[in-house]
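Numbering starts at 1 and runs along the sequence shown. Whatever order the structure lists them in is the order used to number ligands and atoms, beginning at 1.
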Amino acid sequence: MKYDYLIVGTGFFGAVSAYLLSQKGKKCLLIDKRPHIGGNVYTEEIKGINVHKYGAHIFHTSNKKVWDFVNSFVEFNRYTNCPVANYKGELFNLPFNMNTFYQMWGVKTPAEAEAKIAEQKAEAVKALGGREPQNLEEQALTLVGKDIFEKLIKNYTEKQWGRKCTELPAFIIKRLPVRLIFDNNYFNDKYQGIPEGGYTKLVEAMIGDCEVRLSTDYFEHKAELDALADKVIYTGEIDRYYDYRYGHLQYRTVSFETELLAGVSNYQGNAVVNYTDADTPFTRIIEHKHFEFGNQPDTVISKEFSKEWQPGDEPYYPVNDDRNSELYAKYKALADTEKNVIFGGRLAEYKYYDMHKVIESAMDMMEKI
Ligand code: FAD
Ligand code: UDP
């Protein structure tokens, strides 16, 4: 055996594992089917701007161990995510806070805002009659009331998920803070920022001197690759590992239309603008330079379109409904019987993990082994 570990996938789970195993003197070979490292956090430089090729990635965590760990490789900047919503030309700050309530209703104090929200949600609260909200629509209406639901939630959510708000679970909307202070920070976490120089630099630093083979699909060379190492860390789709024997797990997928706007130094004045009306076909526009406070003479923007996933598309968001959760449990039972394969990360655990959670889970896993 030439290597102690074969690591399939160079996203955060693979890269963190490679770093920690190397620290313990283990020899790792990383492979990725894509032509680059980094998985979905990959950034590519265009005209001096680090473009988030697979969608906007904002690092946030309250876990000091994870924050110190990532900061030991590269510096993080002070970027704080403050998206703006565009509803038919009207602009609102997100998440829902005093700025949003002022823009929506002209209310100026927390007491006025509270009274307005109470009035806005009264009907929905009455309709529930004391029971818990059963779906996203009921949850949103009883949280912030009808105006915000109609202008900022309903259409965006239906575009993003391709399903009616009444057919979606309530927990999706609970991720968003509702605040009676003037604070546009999208996250509640203690630490937040973007790695200076882009995520690719961070992943590169984690992988260090480990050998990497790109454009290499594990399943096209499985026997040969398995023969090279004692153990495998697999971060690809779990259903693919078992050749879809119980059927396909489903995902939501996203496609990006990226444009270089030569000579435009500032297109929208913010990294993220959500389009919350039903007619605009994309969900949001990302202007990448603002993640790093760029002053370049040009700019790069990406329009994000959410679509139903078909086998073969990039798997982005796991759909954690009953059908998929039951199917995943069957694959997980198979994975639990493997002695020499460790399954980790978003695709192998079929879990909508944020970056800090993937890193934390790889750290825990490597400690265990
Ligand atoms: P991945 O990054 O998917 O890495 C898996 C790797 O395995 C890939 O490179 C893939 O090519 C490779 N692979 C798969 N199968 C094979 C095979 N058969 N052979 C060889 N290689 C293979 N998180 C945040 O914290 N903040 C955000 O703002 C945020 N925004 C996001 C926006 C979008 C649009 C998406 C989709 C995700 C976002 N996330 C965000 C989540 C974040 O992307 C993930 O937490 C993280 O990238 C997961 O890392 P991973 O290593 O588990 O998986
Ligand atoms: N959401 C919304 N309007 C917005 C932004 C978000 O209604 O302008 C809803 C939408 O349903 C989304 C959920 O809030 O799925 C969570 O938003 P978040 O930005 O956390 O979603 P992500 O893209 O990170 O999954």
S.K.: Would you call V254 a ligand 1 contact, heavy-atom distance under 4.0 Å?
M.R.: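 Distance cut 4.0 Å: V254 fails for ligand 1.
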S.K.: Of all the heavy atoms in Y352, does at least one lie under 4.0 Å from an atom in ligand 1?
M.R.: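 Flag set, Y352 near ligand 1.
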S.K.: Which atoms of ligand 2 have any heavy atom of T276 under 4.0 Å away?
M.R.: 8 (O)
S.K.: So, for S306 and R252, which heavy atoms are closest and what is the spacing to 0.1 Å?
M.R.: OG-NH2, 3.1 Å
S.K.: Identify which of D32, I31, T253 has a heavy atom lying nearest to atom 10 (C) of ligand 1.
M.R.: D32
S.K.: What residue and atom, counting heavy atoms only, is the protein's closest point to atom 10 (C) of ligand 2, and at what distance?
M.R.: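 Ranking protein heavy atoms by distance from atom 10 (C) of ligand 2, first comes T157 OG1, 3.4 Å.
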S.K.: Return each pair, listed once, that meets salt bridge (charged side-chain N to carboxylate O under 4.0 Å, His left out) where at least one residue sits in residues 59-68; pairs must be two or more places apart or across chains.
M.R.: K64-D68, K65-E367
S.K.: What are the atoms of ligand 2, with element, lying closer than 4.0 Å to any heavy atom of I172?
M.R.: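 Listed by number with element: 11 (O), 13 (C), 15 (O), 16 (C).
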S.K.: Could you check whether E196 pairs with R78 (Lys NZ or Arg NE/NH1/NH2 to Asp/Glu carboxylate O, under 4.0 Å)?
M.R.: no
S.K.: Of all the atoms in ligand 2, which lie at a distance below 4.0 Å from a heavy atom belonging to L94?
M.R.: 8 (O)
S.K.: Without hydrogens or angle criteria, can the side chains of N274 and N86 be said to hold a donor-acceptor pair below 3.5 Å?
M.R.: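 Absent: no donor and acceptor within the cut-off.
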S.K.: Taking only heavy atoms of Y317, which atoms of ligand 2 are found under 4.0 Å from at least one of them?
M.R.: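 The atoms of ligand 2 under 4.0 Å from a heavy atom of Y317 are 23 (O), 25 (O).
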S.K.: Which of the atoms of ligand 2 are close to Q160, meaning less than 4.0 Å from one of its heavy atoms?
M.R.: 12 (C), 15 (O), 23 (O), 25 (O)
S.K.: Check contact between Y317 and ligand 1, using heavy atoms of the residue and a distance below 4.0 angstrom.
M.R.: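 Yes; Y317 lies near enough to ligand 1 that a heavy-atom distance drops under 4.0 Å.
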S.K.: Can you sort out which atoms of ligand 1 are near V8, meaning under 4.0 Å from one of its heavy atoms?
M.R.: 17 (C), 19 (N), 20 (C), 21 (N)
S.K.: Return a yes/no value for R284: is any of its N or O atoms, backbone included, closer than 3.5 angstrom to an N or O of ligand 2?
M.R.: no
S.K.: Using only heavy-atom distances, determine whether the side chains of T276 and N155 contain a donor-acceptor pair under 3.5 Å.
M.R.: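 No, because no side-chain N or O of T276 sits under 3.5 Å from a partner of the opposite role on N155.
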S.K.: Tell me the contacting part of N81 for ligand 1: side chain, backbone, both, or neither, using a 4.0 Å heavy-atom threshold, strictly below.
M.R.: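 Looking at N81 and ligand 1, no heavy atom falls under 4.0 Å.
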S.K.: Can you report which non-hydrogen protein atom sits closest to atom 9 (C) of ligand 2, along with the distance?
M.R.: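 Looking only at protein heavy atoms, the one closest to atom 9 (C) of ligand 2 is I173 CD1, 3.6 Å.
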S.K.: Which atom names give the shortest non-hydrogen contact between Q192 and N81, and what distance separates them?
M.R.: OE1-N, 2.7 Å
S.K.: Is the shortest N/O to N/O distance between N274 and ligand 2 below 3.5 Å?
M.R.: yes
S.K.: Where's the contact between D217 and ligand 1, heavy-atom distance under 4.0 Å: side chain, backbone, both or neither?
M.R.: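 It is both parts that get close, each with some atom under 4.0 Å.
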S.K.: Would you say ligand 2 has an N or O under 3.5 Å from any N or O of Y186?
M.R.: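 Indeed, backbone or side chain, Y186 has an N or O that close.
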S.K.: Identify, for atom 15 (O) of ligand 2, the protein heavy atom at the shortest distance, and state residue, atom and that distance.
M.R.: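 Sorting protein heavy atoms by distance from atom 15 (O) of ligand 2 puts W161 NE1, 2.9 Å first.
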S.K.: Counting from 1, what ligand 1 atoms have a heavy atom of T216 closer than 4.0 Å?
M.R.: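 So the atoms of ligand 1 that pass are 19 (N), 20 (C).
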S.K.: Is the closest N or O pair between G344 and ligand 1 shorter than 3.5 Å?
M.R.: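 Not met; the criterion fails.
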S.K.: Heavy-atom contacts with I153 under 4.0 Å: which atoms of ligand 2 show up? List them by number with element.
M.R.: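 Counting from 1, the qualifying ligand atoms are 7 (O).
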S.K.: Aromatic contact between Y54 and H36, with the criterion being ring centroids under 6.0 Å apart: yes or no?
M.R.: yes
S.K.: With a distance cut-off below 6.0 Å to the six-membered ring centre and an angular limit of 45° from the axis, does K330 pair with Y246 as a cation-pi contact?
M.R.: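 Yes, K330 and Y246 form such a contact.
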S.K.: For ligand 2, find out whether one of its N or O atoms is nearer than 3.5 Å to an N or O atom of L152.
M.R.: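 Such a contact does occur with ligand 2.
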S.K.: Please state which protein non-hydrogen atom is closest to atom 24 (O) of ligand 2 and give its distance, to 0.1 Å?
M.R.: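 Looking at atom 24 (O) of ligand 2, the protein heavy atom closest to it is R175 NH2, 3.3 Å.
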S.K.: Ion pair present between E211 and R213, side-chain N to carboxylate O less than 4.0 angstrom?
M.R.: yes
S.K.: Say you draw a straight line from CD of E308 to CH2 of W161; how long is it, rounded to the nearest 0.5 Å?
M.R.: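 If we round to the nearest 0.5 Å, E308:CD and W161:CH2 are 11.0 Å apart.
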S.K.: By the definition side chain to side chain donor-acceptor pair (under 3.5 Å), identify the one residue from N185, N97, N188 that meets it with R179.
M.R.: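 Testing each of N185, N97, N188 against R179, the sole residue satisfying side chain to side chain donor-acceptor pair (under 3.5 Å) is N188.
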S.K.: Any luck finding a side-chain donor-acceptor pair between N50 and E45 under 3.5 Å?
M.R.: no
S.K.: By number and element, which atoms of ligand 2 are closer than 4.0 Å to a non-hydrogen atom of L176?
M.R.: 1 (N), 6 (C), 14 (O), 17 (O)
S.K.: Between Y251 and Y316, does a ring pair (Phe, Tyr, Trp, His ring centres under 6.0 Å) hold up when you go through it step by step?
M.R.: CA-CA 6 Å; Y251 297 85; Y316 282 118; 9.2 Å; no
S.K.: What's the shortest distance from atom 1 (N) of ligand 2 to any protein heavy atom, and which residue and atom give it?
M.R.: Y156 CD2, 3.6 Å
S.K.: My understanding is that we take every heavy atom of each candidate and find the minimum distance to atom 23 (N) of ligand 1. Doing that for I359, D354, I7, L347, which one comes out nearest?
M.R.: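 Ranked by closest heavy atom to atom 23 (N) of ligand 1, first place is D354.
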S.K.: Indicate whether any N or O donor in one side chain lies under 3.5 Å from an N or O acceptor in the other, for T200 and T43.
M.R.: yes
S.K.: Give a yes/no verdict on a cation-pi contact between K27 and Y3, requiring under 6.0 Å between NZ or CZ and the six-membered ring centre and an angle within 45° of the axis.
M.R.: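 Yes, K27 sits over the ring of Y3.
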